[in-house]
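Following: one structure in structure tokens, then a few remarks.
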Amino acid sequence: MKEILFLEPVFKEMIWGGDRMKAEYQYPIPSDHTGECWAISAHPNGDCKISNGTYKGQSLSQLWEEHKELFGGLSGDRFPLLIKIIDAKQDLSIQVHPNDIYAKEHENGSLGKTECWYILDCEEGTEIVIGHHAKDKEEVKDMIEQKRWKDFIRTVPLKKGDFFQINPGCVHAIKGGTLILETQQNSDITYRVYDYDRLSNGKPRELHVERSIAVIEAPFEEVRGDRAKKEYDGYTIEHLVSSPYYTVEKVDITKEATFSQTHSFQNISIIDGKGEINGNPIKKGDHFILPAEFGSYTIKGEISYITSYVEK
């Protein structure tokens, strides 16, 4: 029987971070400015260690390099996905990500960054930045250079349970009071367009205006997940999005459900409730990987989770 790979999260302190992850998930966060939990990650800037079993203490990147059989022999020089929880106590900078082609050329062979957000919680009346109002690339350049931020930035109202797909070239930002689960390519490349003129250690944070202008898509075209939900006896599966980089689903279990893991690997992040998987206790805030050929698994309890995988 293949083992479940439970992971130890890596925490990142941010100028805009808060302390909510401690109350929400009982995480041992480093400070009350903790912005990100890298929950399933094999990135050099945050490489999670396995917390149980045969591979305990080994990093996810080490498993990717030395035990490709756990990931169905997937090709590629790195584990393809990165799963984060983000606690935005204050507004994040207005930003944009490059695609694979631009990142490979301009960012030392990095992957680009396609990502999606599931809104775990947000304060009432919160908005989120998705897209812009410029009609073409020329207007993008003009609006940014002239600092016409109110004209440029597109905001939409936000509520718990919303979902957004963020393709490369999409201007975006999380605002204060928002807690999200992010599924993304294994990349840490972000271009800051605008940072509200904030100071960090007495200095403005670096902006990447030229690169931002180069990669912003115009005009903005919204990408919606399909949110197709199927109900079964005792559980529901909601399809959030399929892209060339990942498929993401939300699963809600009321008592018990049995599934079969048939993908090259499957990430699972418990976002609510507690119970067990094949006899292993699991609770809100746990993150784990079901490796290739894991086969049948049974989850018991009242549990909600986000799961992601890549198509072979």
Side-chain angles (χ1 to χ4, degrees), residues 9 12 35-43 46 78-88 92-100 103 110-122 126-132 154-175 178-191 215-217 220-230 236-252 263-272 287 289 304-311:
K12 301 277 186 178
E36 297 185 350
C37 161
W38 291 27
I40 301 176
S41 171
H43 193 279
R78 67 203 93 185
F79 183 74
L81 300 181
L82 201 170
I83 312 301
K84 294 178 186 174
I85 293 176
I86 299 178
D87 171 21
L92 273 69
S93 60
I94 309 294
Q95 51 193 239
V96 66
H97 303 306
N99 62 21
D100 287 344
S110 171
L111 294 178
K113 196 166 166 189
T114 299
E115 65 188 28
C116 61
W117 297 340
Y118 183 84
I119 309 303
L120 296 167
D121 203 6
C122 62
T126 308
E127 294 183 319
I128 202 158
V129 174
I130 304 284
H132 62 80
R154 176 183 182 266
T155 59
V156 294
L158 195 63
K159 65 182 187 302
K160 182 177 178 177
D162 281 349
F163 179 79
F164 300 92
Q165 168 71 9
I166 313 287
N167 285 340
C170 173
V171 174
H172 61 278
I174 305 160
K175 288 182 169 279
T178 309
L179 190 69
I180 74 166
L181 186 128
E182 177 174 286
T183 303
Q184 60 160 91
Q185 283 180 272
N186 185 1
S187 169
D188 199 22
I189 304 297
T190 292
Y191 297 150
V215 304
I216 290 171
E217 295 281 334
F220 166 68
E221 291 181 18
E222 190 169 10
V223 181
R224 285 258 177 210
D226 67 8
R227 307 300 303 255
K229 188 181 281 191
K230 290 185 178 176
T236 62
I237 300 178
E238 184 177 7
H239 179 265
L240 297 175
V241 71
S242 290
S243 82
Y245 302 103
Y246 46 68
T247 294
V248 182
E249 297 167 335
K250 179 173 184 272
V251 182
D252 295 292
H263 311 291
S264 47
F265 67 90
Q266 186 175 350
N267 298 323
I268 293 182
S269 295
I270 309 296
I271 62 169
D272 211 1
H287 307 266
I289 300 172
S304 296
Y305 63 86
I306 303 287
T307 183
S308 56
Y309 51 87
V310 299
E311 302 295 349

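Closest approach of Gln184 to Tyr246, counting heavy atoms only: CA-CE2, 4.2 Å. Across all their heavy atoms, Ile189 and Leu111 have their closest contact at CG1-O, 4.2 Å. Minimum interatomic distance between Pro168 and Glu217 (heavy atoms only, all atoms of both residues): O-CG, 3.9 Å. Looking at every heavy atom in both residues, Ser187 comes nearest to Ser110 through OG-OG, 3.6 Å. Taking both residues in full, the closest heavy atoms of Ala42 and Phe79 are given as CB-CB, 3.7 Å, listed atom of the first, atom of the second, then distance.
By the 4.5 Å heavy-atom criterion applied to side chains, Leu81 and Asn186 are not counted as neighbours. Counting heavy atoms from C-beta outward, Glu311 and Thr247 have side chains that approach closer than 4.5 Å. Proximity of Leu181 to Ile85: side-chain heavy atoms (C-beta onward) are separated by under 4.5 Å at one or more points. Contact check for Ile128 versus His172: no side-chain heavy atoms found under the 4.5 Å cut-off. Using a 4.5 Å heavy-atom cutoff, the side chains of Lys175 and Leu158 are not in contact. The side-chain heavy atoms of Val171 and Phe220, taken from C-beta on, include no pair separated by under 4.5 Å.
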Verify side-chain contact (heavy atoms from CB on, under 4.5 Å) between Leu240 and Ile306, making sure each step is shown before the conclusion. CA-CA 9 Å; Leu240 297 175; Ile306 303 287; 4.2 Å; yes
Any chance you could lay out the side-chain contact (heavy atoms from CB on, under 4.5 Å) test for Ile271 and Tyr118, step after step, and finish with the verdict? CA-CA 10 Å; Ile271 62 169; Tyr118 183 84; 4.0 Å; yes
Apply the test side-chain contact (heavy atoms from CB on, under 4.5 Å) to residues Cys170 and Ile130: give CA-CA distance (whole Å), side-chain angles for both, the deciding distance (0.1 Å), then the verdict. CA-CA 7 Å; Cys170 173; Ile130 304 284; 4.2 Å; yes
Determine whether Tyr309 and Ser264 satisfy the following criterion, side-chain contact (heavy atoms from CB on, under 4.5 Å), listing intermediate values before the conclusion. CA-CA 8 Å; Tyr309 51 87; Ser264 47; over 6 Å; no
For a side chain to side chain donor-acceptor pair (under 3.5 Å) check, start with the C-alpha distance between Asp100 and Gln185, then their side-chain angles and the critical distance, and finish with the verdict. CA-CA 10 Å; Asp100 287 344; Gln185 283 180 272; 3.0 Å; yes
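Of the inter-residue distances, the one linking Glu182 atom CD with Lys113 atom NZ reads 5.5 Å to the nearest 0.5 angstrom. Here Gln165 contributes atom CD and Ser242 contributes atom OG; the two are 9.5 Å apart, rounded to the nearest 0.5 Å. Considering NZ of Lys12 and CD1 of Ile86, their distance stands at 12.0 Å, rounded to 0.5 Å. With rounding to the nearest 0.5 Å, the separation of CD1 in Ile289 from CD in Gln266 is 10.5 Å. To the nearest 0.5 Å, atoms NE2 (His287) and CD1 (Ile40) are separated by 7.0 Å. The CD1 atom of Ile180 sits 11.0 Å away from atom SG of Cys122, with the distance rounded to the nearest 0.5 Å.
A perpendicular orientation is assigned to the rings of Phe164 and Trp117, their planes being inclined by more than 60° (bins at 30° and 60°).
Of the possible donor and acceptor atoms, none in the side chain of Tyr245 sits under 3.5 Å from a partner among the backbone N and O of Glu115. Side chain of Ser304 to main chain of Asp272: no donor-acceptor pair is present (N/O by atom type, distance under 3.5 Å, no hydrogens or angles). With hydrogens and angles ignored, the 3.5 Å screen pairs a side-chain donor or acceptor of Ser41 with a backbone N or O of Gly46. A donor-acceptor pair is defined here as one N or O able to donate and one able to accept, closer than 3.5 Å; such a pair exists between the side chain of Thr307 and the backbone of Asn267. A donor-acceptor pair is defined here as one N or O able to donate and one able to accept, closer than 3.5 Å; no such pair exists between the side chain of Asp121 and the backbone of Leu179. No donor-acceptor pair closer than 3.5 Å links the side chain of His97 to the backbone N or O of Asn167.
By the 4.0 Å N-to-carboxylate-O rule, Glu36 lies close enough to Lys84 to be salt-bridged with it.
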